[in-house]
Amino acid sequence: MERQVRTRYAPSPTGYMHIGNLRTALYEYLIAKSQNGKFILRIEDTDQERLVEGAVDVIYKTLKLCGMQHDEGPDVGGPYAPYVQSERKDTYKPYAEELVKKGHAYYCFCTKERLDALRSDAESKNQTFMYDRHCLNLTPEEIEEKLKNGEPYVIRQKMPREGTTTFEDAVYGSITVENSMLEDQILLKSDGLPTYNFANVIDDHLMAITHVVRGSEYLSSAPKYNLLYEAFGWEIPTYVHLPLIVKPDGSKLSKRKGDASFEDLINMGYLVEAIINYIALLGWSPDTNQEIFSLSELEKAFNISRISKSPSAFDMNKLRWFNAEYIRAMSLDAFYEKALPYLTEAITNKTIDLKKVCKLLQARTEVLTEIPSKVGFLNELADYDLNIYVHKKMKTTLENSLESLKAAVTVLEDITTWDEATLHEKLLTLVEKLGIKNGQMLWPIRTAITGWEVTPGGAIEIADLLGKEETLRRIRIGIDRLEKAVAAGNA
RNA sequence: GGCCCCAUGGUCAAGAGGUUAAGACACGGCCCUUUCAAGGCUGUAACAGGGGUUCGAAUCCCCUUGGGGUCACCA
């Protein structure tokens with residue numbers, strides 16, 4: 001029987017979920033779910049100096065929001081608990097000591113100062129620094145002595161000096177490096193906690209992780225991990241290294257440079273589903289031309305073999321398109337619910353039917369945050385440039401706009417049932433009677449009642465929204481202003 | 001700089017020896033139309049360069065160039 005697929009998302013709690021991280025989580029989730037496997041959350045907090053308050057909550061919240069529920073983790077428990085590395089601190093040291101006994105690791109008492117000196121020395125000579133294995137030459141007695149004296153120490157992995165190490169990656173294939181390039185990396189820090197490089201191997205093994213998924217920035221350290229598995233005699237997991245997500249200019253996404261985090265995107269008005277859909281396609285492609293995927297569709301379609309190797313640029317423009325697609329695909333009620341917070345903030349005119357506004361807005365909204373800028377005219381009629389009335393394509397001028405508005409008023413005044421259907425019928429009948437083009441009537445009306453050159457919705461929808469009284473009031477203002485302008489123009 | 005990885009339009013990408021080199025975003029045009037959108041149709045645009053291998057190369061190999069990653073008691 002095949003081993004059950006188990007992937008783990010192992011973030012360090014920095015309080016910031018950047019897009020690359022989120023995509024890694026997504027792919028781990030998809031790899032597991034596409035094969036009926038388990039998705040595990042493990043918190044890698046072995047760096048005590050970088051702990052951030054509340055950061056773990058950000059991780060829980062994001063996974064939940066995205067619908068990527070983990071099967072095991074600190075909050076939900078599981079057979080391999082605990083799932084927080086700082087709570088597992090005692091499990092690592094014995095493994096490190098086992099490696100020392102087997103001759104794959106050794107104690108190192110070098111001070112930070114000595115290391116720094118070595119490093120800057122190498123730097124000044126323009127050489128690459130690599131630990132000089134100073135402590136490898138210590139005799140067992142010396143080591144015993146130092147340990148007894150309580151001297152601080154770390155445990156280093158002893159790399160082979162000759163030969164090469166090869167490992168297989170599910171997306172990058174076979175990769176070989178010279179062992180002489182491998183540094184004797186630290187496995188156990190002087191504070192007794194493991195480094196990521198060590199903890200990660202131990203935990204992945206203990207937690208029976210079958211697919212180790214991570215960004216390609218770990219590609220060059222993978223041989224070291226491989227050596228560790230071999231030293232322990234453990235089964236090597238399937239490595240799945242993911243291509244980086246970069247900025248349009250090709251550089252790496254970073255918090256420091258203010259690149260948008262998942263949370264930022266949400267605040268910018270992007271929908272969770274659209275973000276997930278978009279990043280799923282950054283580095284992976286389905287074997288069909290389908291572009292719109294729900295999470296559960298992704299779970300079915302995802303396949304490791306279709307992950308690409310080259311880095312992909314995060315394109316806001318395309319995300320925007322996905323977002324617009326998701327917005328348009330929503331039911332009116334669903335859109336209303338999403339839009340409501342933006343609407344209530346932007347529309348102070350309480351007589352406006354927000355549901356109707358949504359109907360106009362839905363196809364015209366790409367991101368939620370742009371809603372307020374589209375509806376201001378509903379609150380009040382601002383002063384506007386009369387030249388808006390003059391529209392070549394609509395064949396309107398100040399004069400015929402004035403005519404149309406005057407004619408419209410007489411018709412509108414008589415309407416008792418103020419709704420779109422009635423407005424449509426009466427106004428178009430009037431157009432026919434006057435023998436003019438639709439635009440010559442409707443453009444001036446829309447202009448008069450909005451004062452804007454561009455609005456969501458046309459004359460009829462907006463008149464309906466504003467109500468009879470306000471519509472007539474605004475039209476009369478238009479008539480008044482146009483009369484003065486025309487008179488002045490003729491004088 | 002050493003080592004590793006990558007290379008198809010501006011961007012995401014399909015392609016795994018023989019294709020008119022898909023599709024999507026963006027951009028342009030046309031249609032629809034009471035503005036703007038949405039929708040429909042349509043156009044511009046790519047195999048980084050050079051050598052091989054082969055009857056035949058975007059696909060395989062090598063070199064060059066370009067880009068990226070990594071070289072911590074960080075993950």
Side-chain angles (χ1 to χ4, degrees), chain A residues 10-14 44-47 49-50 108 110 112 115-116 119 126-130 152-156 169 172-173 175-178 180-183 185-191 193-197 199-200 214-223 241 243-244 246 248 250-252 278 281-291 306 308-322 324 328 360-366 374 388 391 393-394 396 424 427-428 431 437-447 450 452-462:
Chain A
S12 76
T14 61
E44 309 231 336
D45 59 348
T46 53
D47 186 354
E49 289 173 17
R50 293 211 311 187
C108 172
C110 290
K112 188 116 185 147
L115 261 19
D116 285 346
R119 208 187 312 275
N126 226 341
Q127 293 171 338
T128 307
F129 169 75
M130 199 177 277
Y153 66 93
V154 301
I155 292 180
R156 286 181 183 272
D169 184 85
Y172 288 93
I175 293 174
T176 302
V177 297
E178 298 284 334
S180 59
M181 298 306 303
L182 271 22
E183 190 185 29
Q185 64 175 349
I186 290 171
L187 303 177
L188 203 71
K189 298 185 277 187
S190 55
D191 64 3
L193 286 171
T195 57
Y196 162 83
N197 296 321
N200 143 275
R214 50 159 93 97
S216 63
E217 65 266 31
Y218 292 94
L219 214 44
S220 51
S221 18
H241 285 94
L244 250 31
V246 298
S251 66
K252 199 176 165 184
Y278 176 57
L281 264 21
L282 274 185
W284 172 83
S285 62
D287 55 10
T288 63
N289 268 343
Q290 186 176 348
E291 297 233 52
R306 297 189 67 89
S308 65
K309 296 180 194 162
S310 41
S312 27
F314 188 85
D315 181 5
M316 268 298 189
N317 230 328
K318 187 127 190 196
L319 205 215
R320 215 179 152 79
W321 175 78
F322 270 104
R328 291 192 288 262
L360 299 181
L361 243 26
Q362 192 167 357
R364 296 171 171 88
T365 303
E366 293 189 297
K374 293 177 184 293
I388 300 175
H391 194 292
K393 199 173 146 230
M394 294 299 114
T396 55
H424 190 268
L427 253 15
L428 290 194
V431 163
K437 305 227 347 159
N438 288 353
Q440 290 176 310
M441 173 58 68
L442 299 172
W443 175 262
I445 294 179
R446 197 196 57 82
T447 300
T450 65
W452 284 15
E453 214 165 348
V454 172
T455 55
I460 293 165
E461 292 97 330
I462 294 169

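What you are looking at is a predicted structure, and each value in this text was computed from that prediction instead of being measured. Hydrogens, waters and symmetry mates are skipped; everything else that's a heavy atom, side chains included, is used. In what follows, chains are A, B, ... by sequence order, proteins preceding strands, each numbered from 1.
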S.K.: For the side chain of A/Val177, starting at C-beta, report the closest nucleotide among B/C4, B/G1, B/C73.
M.R.: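 Selected nucleotide (nearest to the side chain): B/C4.
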S.K.: Output one letter per nucleotide in nucleotides 20-25 of chain B: B when a protein non-hydrogen atom lies under 4.0 Å from the base, S when only the sugar-phosphate is that close, - when neither is.
M.R.: --BSBS
S.K.: Mind checking the C1' distance from B/G43 to B/C3? Whole angstroms is fine.
M.R.: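 One C1' to the other, the span is 47 Å.
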S.K.: Tell me every residue that passes salt bridge (charged side-chain N to carboxylate O under 4.0 Å, His left out) with A/Lys189, counting only those two or more places apart in sequence or in another chain.
M.R.: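 Not a single residue meets the salt bridge (charged side-chain N to carboxylate O under 4.0 Å, His left out) criterion with A/Lys189.
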S.K.: Going by the rule side chain to side chain contact (heavy atoms under 4.5 Å, CB included), which residues pair with A/Glu461 if we only count those two or more places apart in sequence or in a different chain?
M.R.: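 Once residues adjacent in sequence are excluded, the partners of A/Glu461 under the side chain to side chain contact (heavy atoms under 4.5 Å, CB included) criterion are A/Leu360, A/Glu420.
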S.K.: How does each nucleotide of nucleotides 58-64 of chain B score, in 5' to 3' order, for protein heavy atoms under 4.0 Å: base (B), sugar-phosphate only (S), or none (-)?
M.R.: -------
S.K.: Checking A/Pro286 now: which residues fulfil side chain to side chain contact (heavy atoms under 4.5 Å, CB included) with it, not counting sequence neighbours?
M.R.: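 Here the qualifying residues are A/Leu281, A/Trp284, A/Thr288, A/Phe293.
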S.K.: The criterion is salt bridge (charged side-chain N to carboxylate O under 4.0 Å, His left out); which residues satisfy it with A/Arg214, sequence neighbours excluded?
M.R.: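 Result, salt bridge (charged side-chain N to carboxylate O under 4.0 Å, His left out) vs A/Arg214: none returned.
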S.K.: Could you pull out all residues at least two apart from A/Tyr172 that satisfy ring-ring contact (aromatic ring centres under 6.0 Å, His included)?
M.R.: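 For A/Tyr172 there are no ring-ring contact (aromatic ring centres under 6.0 Å, His included) partners, ignoring immediate neighbours.
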S.K.: Using a 4.0 Å heavy-atom cut-off to protein, can you give one letter per nucleotide of nucleotides 33-42 of chain B, 5' to 3': B if the base is in contact, S if only the sugar-phosphate is, - if neither?
M.R.: BBBBBSS---
S.K.: Who passes side-chain hydrogen bond (donor to acceptor under 3.5 Å, both in side chains) against A/Arg328, sequence neighbours left out?
M.R.: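 If we apply the side-chain hydrogen bond (donor to acceptor under 3.5 Å, both in side chains) test to A/Arg328, skipping adjacent residues, the hits are A/Glu325.
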S.K.: Kindly write out the residues that satisfy side chain to side chain contact (heavy atoms under 4.5 Å, CB included) with A/Asn197, not counting sequence neighbours, or none if the list is empty.
M.R.: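 Per chain and number, A/Asn197 pairs via side chain to side chain contact (heavy atoms under 4.5 Å, CB included) with A/Gln185, A/Thr195, A/Tyr225.
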S.K.: Within this structure, what is the NZ-to-C1' distance between A/Lys252 and B/C6, rounded to whole angstrom?
M.R.: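 Interatomic distance, NZ of A/Lys252 to C1' of B/C6: 16 Å.
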S.K.: Listed by chain and number, what are the salt bridge (charged side-chain N to carboxylate O under 4.0 Å, His left out) partners of A/Arg50, not counting sequence neighbours?
M.R.: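 Here the qualifying residues are A/Asp47.
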S.K.: Which residues satisfy the side-chain hydrogen bond (donor to acceptor under 3.5 Å, both in side chains) test with A/Arg320, sequence neighbours excluded?
M.R.: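 With neighbours one apart ignored, the set is A/Glu366, A/Glu370.
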